[in-house]
Novice: 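The structure that follows is given in the form of structure tokens.
When a residue number appears, it is its place in the shown sequence, counting from 1. No hydrogens, no waters, no symmetry mates; every other heavy atom, side chains included, goes into these values.
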Amino acid sequence: MGDLNSAETITRKRRSTLSSAKGSSFQPLSDSHAAASPRTSLGDPNPEDESRDRREGNKPKGDKWRPKNDISARLSCHKTQQSLLSSSSGYSNYRGVLNWCVVMLVLSNARLFLENLLKYGVLVDPVQVVSLFLKDPYSWPAACLVIVSNVFIVVALYTERQLSKGSFSERVGFLVHFVNLAVMLTFPPAVVLVLPSVTPVGGAFALGIYTILFLKLYSYKDVNLWCRELSTVKARKLVRSVSCPTPHHFHRGEHKVCYPGNLTIRDMYYFVFAPTLCYELNFPRSPEIRMSFLLRRLFEMFFFIQVLVGLTQQWMIPIIQSSMKPLEDMDLSRMTERLLRLAVPNHLLWLMFFYWFFHSSMNFTAELLRFGDRQFYKDWWNSESVTYFWQNWNIPVHKWCLRHFYKPLLRKGFSKIASQSAVFFLSAFFHEYLVSVPLRMFRLWAFTGMMAQLPLAWFVGRFLRGNYGNAAVWISIIIGQPFAVLMYVHDYYVMHHKQEDV
């Protein structure tokens with residue numbers, strides 16, 4: 001009997017111990033663990049783990065599913081919501097659709113390339129690429145033109161030095177700059193038109209270099225003029241010029257220059273090679289040259305230039321040669337068919353050229369010179385208006401037009417419409433300048449195409465919005481360029497080959 005009472009006493013003690021353990025928690029071994037996990041008891045599970053387990057469909061640890069809540073969840077499985085493809089859903093993640101478009105584009109172009117390869121064979125010839133730049137291996141007129149451009153650079157620097165010292169008056173300095181810039185625009189075309197040894201590709205390359213230098217030296221002239229005007233204001237008001245920052249604007253280790261300390265050969269040629277058209281006394285600089293970034297851009301430059309040359313020889317040239325017939329010998333359907341055949345390779349090459357020039361080449365140059373401003377383009381592919389496209393696909397040119405052409409016209413009292421029209425007129429002039437002179441024929445197709453952007457911009461901005469506007473911009477890019485190419489090909493054929501066929 002006594003043994004039975006002692007056994008009951010032991011059983012009660014064990015039950016009381018287990019019941020007390022249910023309400024207590026295991027204490028961690030260290031204080032840091034206790035601070036990191038304040039609620040890790042057997043009877044009180046972590047609510048974050050419990051909610052995560054419920055979302056993942058797992059049974060929470062240390063707890064049971066509640067039958068009442070589970071049944072209520074099973075009773076209702078619908079809620080008010082929109083389909084993903086509806087505009088009111090707010091859904092915008094179409095990455096899979098974009099990947100599908102890329103795959104379809106690659107497959108369709110691969111089919112066209114395979115048909116081209118079976119029809120024409122391998123047409124890539126590196127020797128022919130050299131002949132595009134040189135007719136005579138011992139005569140390099142385009143390269144000589146580029147070397148002669150240093151004369152105009154030195155004249156601009158010398159003129160600014162004389163102006164800073166007061167040796168030239170502002171009127172004399174303006175006259176020297178005007179003559180220097182005017183000769184820059186007229187001398188290279190005269191050489192290209194007079195010398196038959198200049199090839200169209202070589203002439204276009206030389207004229208492109210001179211056009212860039214023209215815009216750079218114009219900006220150089222303007223900025224130094226503004227610095228002299230600010231120096232005059234500083235002398236009158238006894239304040240520091242904006243062209244020379246105050247000491248608290250200096251960063252540690254940086255060297256800032258003030259006018260006229262910027263008028264050096266080193267500063268001038270840094271600006272000449274920098275990937276910008278707008279001059280500043282103190283450009284933003286990156287802290288160091290990243291060799292991995294530099295080598296990646298260099299690899300992209302070599303890779304894409306070979307792809308561009310290969311696709312041009314293999315794909316573009318056969319289509320152009322097959323299109324070399326007078327328009328009067330083709331009906332409308334035949335002309336449309338050739339235009340569409342030319343649109344796909346032309347647009348693909350244009351996109352590759354954009355990436356090669358504005359991303360790979362300009363980033364390579366900027367990294368090599370530690371040039372800090374790398375915004376060479378914006379999201380022009382999302383353009384919903386023609387104006388937005390022209391403002392964002394070529395940022396260096398847009399900055400120059402805004403700083404040195406558009407805003408000065410506004411300050412002189414011109415309206416916004418007149419100023420915008422003047423900007424398009426200037427762009428149309430240089431487009432025609434870079435095409436007609438190397439081809440030695442003046443047909444104004446490029447000029448007309450650029451000026452046609454004005455009514456197109458008005459129409460798209462007024463009647464089309466959102467995706468419709470973006471589609472209109474893409475159609476103008478895809479169809480407009482090959483149409484101009486087709487017109488120049490037709491005129492070139494009429495001038496050089498029609499009499500031979502007769």
Side-chain angles (χ1 to χ4, degrees), residues 150 152-166 168 170 173-174 177 180-181 212-290 293-294 297 358 361-378 394-408 411:
N150 290 277
F152 301 96
I153 298 173
V154 174
V155 169
L157 177 61
Y158 175 80
T159 304
E160 288 300 329
R161 283 183 173 180
Q162 298 303 314
L163 286 169
S164 66
K165 295 185 295 184
F168 285 175
E170 291 294 336
F174 173 80
H177 278 304
N180 189 45
L181 294 174
I212 293 173
L213 283 178
F214 173 86
L215 300 177
K216 283 177 176 282
L217 294 184
Y218 190 94
S219 178
Y220 189 77
K221 170 191 74 68
D222 273 359
V223 173
N224 283 291
L225 174 62
W226 298 338
C227 288
R228 287 193 297 273
E229 293 175 351
L230 288 172
S231 299
T232 303
V233 173
K234 181 188 69 172
R236 292 178 181 176
K237 296 184 178 181
L238 299 178
V239 295
R240 182 179 290 271
S241 174
V242 179
S243 63
C244 186
T246 54
H248 69 272
H249 288 153
F250 294 166
H251 297 281
R252 183 176 300 177
E254 288 189 357
H255 175 67
K256 300 291 184 179
V257 297
C258 305
Y259 184 83
N262 63 306
L263 303 178
T264 61
I265 292 289
R266 179 187 180 90
D267 181 87
M268 168 62 90
Y269 275 93
Y270 179 87
F271 171 56
V272 167
F273 288 102
T276 181
L277 300 177
C278 295
Y279 177 70
E280 290 184 19
L281 273 70
N282 298 286
F283 289 104
R285 305 291 292 273
S286 56
E288 60 182 3
I289 298 177
R290 299 168 294 177
F293 182 87
L294 192 71
R297 300 290 85 80
F358 286 97
S361 300
M362 297 189 77
N363 269 291
F364 174 82
T365 306
E367 190 68 25
L368 194 63
L369 297 176
R370 293 176 49 223
F371 186 79
D373 188 0
R374 309 291 175 89
Q375 194 180 60
F376 306 122
Y377 54 89
K378 292 183 181 179
N394 190 341
I395 295 298
V397 171
H398 172 67
K399 282 184 178 179
W400 188 94
C401 291
L402 194 67
R403 186 191 194 196
H404 298 284
F405 198 69
Y406 180 75
K407 288 185 177 180
R411 287 193 292 267

Novice: Could you check whether any side-chain N or O of R370 sits under 3.5 Å from a backbone N or O of R285, counting only pairs where one atom can act as donor and the other as acceptor?
Specialist: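 Not confirmed, R370 side chain does not pair with R285 backbone.
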Novice: Could you walk me through whether E280 and V223 pass the side-chain contact (heavy atoms from CB on, under 4.5 Å) check?
Specialist: CA-CA 7 Å; E280 290 184 19; V223 173; over 6 Å; no
Novice: So, the side chain of S219 versus the backbone of K216: is there a donor-acceptor pair under 3.5 Å, distance only?
Specialist: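 No; zero donor-acceptor contacts below 3.5 Å.
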Novice: Restricting to pairs with a member in residues 394-403, which pass salt bridge (Lys or Arg N to Asp or Glu O under 4.0 Å), not counting sequence neighbours?
Specialist: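 Output for this query lists D373-K399.
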Novice: Does R228 have any side-chain hydrogen bond (donor to acceptor under 3.5 Å, both in side chains) partners at least two apart in sequence or in another chain, and if so, which?
Specialist: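 Once residues adjacent in sequence are excluded, the partners of R228 under the side-chain hydrogen bond (donor to acceptor under 3.5 Å, both in side chains) criterion are E160, E170, Y259.
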Novice: Scan for salt bridge (Lys or Arg N to Asp or Glu O under 4.0 Å) pairs involving residues 260-271, sequence neighbours excluded, and state none if there are none.
Specialist: none
Novice: Working to the nearest 0.5 Å, report the span between SG of C278 and CG of D222.
Specialist: 10.0 Å
Novice: Going by side-chain hydrogen bond (donor to acceptor under 3.5 Å, both in side chains), name the residues that satisfy it together with Y158, two or more places apart in sequence or in a different chain.
Specialist: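 Expected list: none.
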Novice: Please find the pair of heavy atoms, one from I153 and one from M268, that lie closest to each other, and give the distance.
Specialist: CG2-CG, 3.5 Å
Novice: Is the shortest heavy-atom distance from the side chain of L225 to the side chain of E229 under 4.5 Å?
Specialist: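 Yes, side chains in contact.
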Novice: Drop me the distance from T159's OG1 to L263's CG, to the nearest 0.5 angstrom.
Specialist: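 Answer for the OG1-CG pair, T159 versus L263, is 11.0 Å.
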Novice: Do you know which two heavy atoms are closest between C227 and L281, and how far apart they sit?
Specialist: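 C227 and L281 have their closest heavy atoms at SG-CD1, 3.4 Å.
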Novice: Taking all non-hydrogen atoms of both residues, which atom of F168 and which atom of G173 are closest, and how far apart?
Specialist: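 It is CB-N, 4.4 Å.
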Novice: Using the side-chain hydrogen bond (donor to acceptor under 3.5 Å, both in side chains) criterion, which residues pair with N224? Sequence neighbours excluded.
Specialist: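 Per chain and number, N224 pairs via side-chain hydrogen bond (donor to acceptor under 3.5 Å, both in side chains) with N262.
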Novice: Using side-chain heavy atoms (C-beta onward) and a distance below 4.5 Å, is Y377 in contact with N394?
Specialist: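 Side chain of Y377 against side chain of N394, heavy atoms only: no contact under 4.5 Å found.
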Novice: With sequence neighbours left out, write down each residue that passes side-chain hydrogen bond (donor to acceptor under 3.5 Å, both in side chains) with R374, or none if nothing qualifies.
Specialist: E367
Novice: Should F152 and L213 count as side-chain neighbours, where that means a heavy-atom distance under 4.5 Å?
Specialist: no
Novice: What distance separates T365 OG1 from R297 CZ, expressed to the nearest 0.5 Å?
Specialist: 12.0 Å
Novice: Would you check if Y220 and L157 make a side-chain contact, meaning some heavy-atom pair closer than 4.5 Å?
Specialist: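 The answer is yes, as the side chains (C-beta and beyond) meet within the 4.5 Å cut-off.
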Novice: Rounded to the nearest 0.5 Å, what's the gap from CG on L230 to CH2 on W226? Could you check?
Specialist: 10.0 Å
Novice: Classify the ring geometry of F271 against F283: parallel below 30°, tilted from 30° to 60°, perpendicular beyond 60°.
Specialist: parallel
Novice: Can you tell me if CZ on F293 sees more than 12 non-hydrogen neighbours from other groups inside 6.0 Å?
Specialist: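 Correct, the count exceeds 12.
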Novice: For F376 together with F358, are the ring centres under 6.0 Å from each other?
Specialist: no
